[in-house]
Amino acid sequence: MSDRANLIRNFVAKTVWKDWRQTPVPGDASARRYWRLSDGNQTLILMDDAPELGGSTVPFASIAQLLKKQGLSAPHILAHDPENGLMIITDLGNHDIAAWLRTYPEQEKTLYRTSVDVLVKLHKITPPEDLDRLTPQSGADMLNLVGSFYCRTDVTDLQREMRDALQTHAPVADTLALRDFHAENLIWRDAHQGLDRVGLLDFQDAFVAPAGYDLVSLLRDARRDVGENTADDMITYFSEQIGAGPGFRTQLACIAIQRNLRILGIFGRLSLKYGKARYLDLIPRVWGHILTDLEDPAIAKLRQAVLDTVPEPTDALLEGLRP
């Protein structure tokens with residue numbers, strides 16, 4: 001048995017759930033691992049975020065506490081070993097929004113509207129002062145990934161135009177963003193009421209961003225197609241709820257382009273460095289989102305920089321990103 005396995009076994013053995021059955025739960029793109037603990041009637045989640053792999057459960061615990069104080073549905077932390085990156089938390093449910101909508105596609109607007117209500121609530125929360133911020137410069141710097149693992153070319157000019165676009169259209173980072181706010185990270189709790197119907201996960205990388213960052217994460221989803229009418233309605237609704245000005249849609253476009261360019265690099269890296277070639281299948285959808293947001297006439301210079309620098313994901317290009 002590995003040292004890591006021993007740590008996990010000893011951690012669970014010290015709890016009242018030591019005899020519960022453990023079943024692996026599929027993880028995300030990170031190195032984190034999860035198990036569902038069950039006694040046949042109740043279930044909990046065991047999280048392993050190994051420090052030696054760069055993980056830490058401390059940010060998750062801090063943001064979970066903040067969200068719960070605001071009346072949002074984040075997990076309760078029942079046992080925690082921060083030194084070793086281990087945690088037992090409540091199980092918010094089995095059905096994420098993406099899975100629910102595969103069975104009940106006619107409910108898309110209902111589920112997305114409730115999810116956007118969560119974002120309106122998040123918009124009103126004062127962000128912790130110690131979180132990183134998405135500034136125009138940091139947003140441009142993040143595009144190193146697309147240069148290294150997707151374009152595999154110099155992206156200095158693209159970064160300059162991205163910085164200038166963010167400085168012009170999305171200069172102020174003042175909103176708590178959970179960062180990976182999308183359908184596979186949101187648990188649909190149909191038996192609950194109000195905002196409690198949306199269970200929140202995967203928020204350990206939360207930062208402070210311009211308003212709407214999590215909205216574009218939700219609507220420009222790399223993993224599922226959101227109905228065009230649904231997306232437009234949600235943007236209109238969110239804008240009304242927060243009192244956004246007339247340039248807000250351009251702000252959203254800039255944030256979405258920055259985010260999705262970075263995702264191209266992340267998916268390329270997952271394939272080239274970690275052998276996770278399945279993420280390449282998502283790249284065409286991400287590219288489509290980028291092209292959609294580049295249609296905003298207010299960001300013509302950024303559009304040209306993207307088209308001059310970032311190639312479309314042809315079969316040949318994607319083949320070259322395989323491990």
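Grouping the Ile, Leu, Val, Met, Phe, Trp and Tyr side chains by contacts below 4.5 angstrom, directly or via other members, places V310 with L321. Residues I45 and I77 share a single hydrophobic cluster, defined by chaining ILVMFWY side chains whose heavy atoms lie under 4.5 Å apart.
Looking at heavy atoms from C-beta onward, I88 lies in side-chain contact with F11 at the 4.5 angstrom threshold. Contact check for Q241 versus H123: no side-chain heavy atoms found under the 4.5 Å cut-off. Counting heavy atoms from C-beta outward, L218 and V226 have side chains that stay 4.5 Å or more apart. Proximity of I299 to M162: side-chain heavy atoms (C-beta onward) are nowhere separated by under 4.5 Å. No side-chain heavy atom of V12 sits less than 4.5 Å from a side-chain heavy atom of W20. In this structure, R189 and V198 have side chains that are not in contact, with every pair of non-hydrogen atoms separated by 4.5 Å or more. Residues R4 and I8 meet the side-chain proximity criterion, which asks for heavy atoms closer than 4.5 Å. Put simply, the side chain of T175 does not reach to within 4.5 Å of the side chain of I242, judged on heavy atoms.
Donor-acceptor pairing under 3.5 Å is recorded for the side chains of Q159 and N144. Side-chain contact of S217 with R259: a donor-acceptor pair under 3.5 Å is present, judged by distance alone. Defined by atom type and a distance below 3.5 Å, a donor-acceptor pair is missing between the side-chain atoms of T43 and R21.
The environment of D308 atom CG is dense: over 12 non-hydrogen atoms of other residues, nucleotides or ligands sit within 6.0 angstrom.
With respect to R32 and D202, a salt bridge is recorded, a charged nitrogen being found less than 4.0 Å from a carboxylate O.
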Go through Y237 and D117 one step at a time and tell me if the side chain to side chain contact (heavy atoms under 4.5 Å, CB included) criterion holds.
CA-CA 9 Å; Y237 176 67; D117 282 333; 2.5 Å; yes

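Of the possible donor and acceptor atoms, none in the side chain of D296 sits under 3.5 Å from a partner among the backbone N and O of A253.
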